Amino acid sequence: RAGKGKMRNRRYTMRRGPLVVYNEDNGIVRAMRNIPGVETACVTRLSLLKVAPGGTLGRFVIWTEGAFKKLGEMYGTMKSGAP
């Protein structure tokens, strides 16, 4: 990294790792917080900046089964419209 960031303890930048999306926290957050680069997010509080940081698509997202069901309830499916 060029500039004064090296002196301010920002020598290296870390790439974004996988994102784990869950509906109910059954210890998922505690299990994933010690793995560097892995982030967790609840499906109800999902942000576009978490899914596609910097506007770049293609982040590896791990969905739990409960998160997929909650997405169907929130936004609808192909056969049924959104509530």
Side-chain angles (χ1 to χ4, degrees):
R1 175 184 292 243
K4 294 200 182 250
K6 295 186 296 291
M7 294 186 294
R8 295 176 181 155
N9 205 13
R10 298 188 302 256
R11 184 173 294 267
Y12 305 109
T13 58
M14 183 182 286
R15 287 186 168 176
R16 296 285 182 166
L19 176 70
V20 179
V21 180
Y22 61 92
N23 185 24
E24 293 180 4
D25 179 21
N26 297 324
I28 294 175
V29 175
R30 287 188 64 191
M32 297 294 166
R33 71 178 173 197
N34 199 31
I35 304 172
V38 177
E39 293 182 19
T40 56
C42 185
V43 70
T44 57
R45 297 183 301 271
L46 201 57
S47 168
L48 183 63
L49 291 176
K50 288 235 179 204
V51 176
T56 341
L57 296 175
R59 184 171 187 181
F60 181 53
V61 182
I62 302 168
W63 298 85
T64 61
E65 187 176 347
F68 259 111
K69 289 180 182 176
K70 184 71 175 179
L71 274 179
E73 293 173 10
M74 288 171 40
Y75 300 112
T77 60
M78 294 294 282
K79 294 179 182 177
S80 67

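The shown structure was predicted, so the numbers you read here are calculated from the model rather than taken from an experiment.
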Does [X] belong to the same Ile/Leu/Val/Met/Phe/Trp/Tyr cluster as [Y], with side-chain heavy atoms less than 4.5 Å apart forming each link?
{"X": "V61", "Y": "V20", "answer": "no"}
{"X": "V51", "Y": "M74", "answer": "yes"}
{"X": "L49", "Y": "V21", "answer": "no"}
{"X": "M7", "Y": "Y12", "answer": "no"}
{"X": "L19", "Y": "Y22", "answer": "no"}

For atom CG of N9, is the number of surrounding heavy atoms from other residues, nucleotides or ligands below 6.0 Å larger than 12?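 Incorrect, the count does not exceed 12.
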
Shortest non-hydrogen contact from P53 toward R59: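 For P53 and R59, the tightest heavy-atom pair comes out as CD-CD, 4.0 Å.
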
Heavy atoms only: give me the nearest C42-N23 pair and the separation to one decimal.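 Nearest pair, atom of C42 first, then N23: SG-O, 4.0 Å.
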
Run the salt bridge (Lys or Arg N to Asp or Glu O under 4.0 Å) check on K69 and E65 step by step: do they pass? CA-CA 7 Å; K69 289 180 182 176; E65 187 176 347; 3.7 Å; yes

Measure the CG-CG distance between L48 and L57 for me, rounded to the nearest 0.5 Å.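 Here the rounded value is 8.0 Å.
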
Distance check, rounded to the nearest 0.5 Å: T64 atom OG1 versus I28 atom CD1?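 The CD1 atom of I28 is 5.5 Å from OG1 of T64, to the nearest 0.5 Å.
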
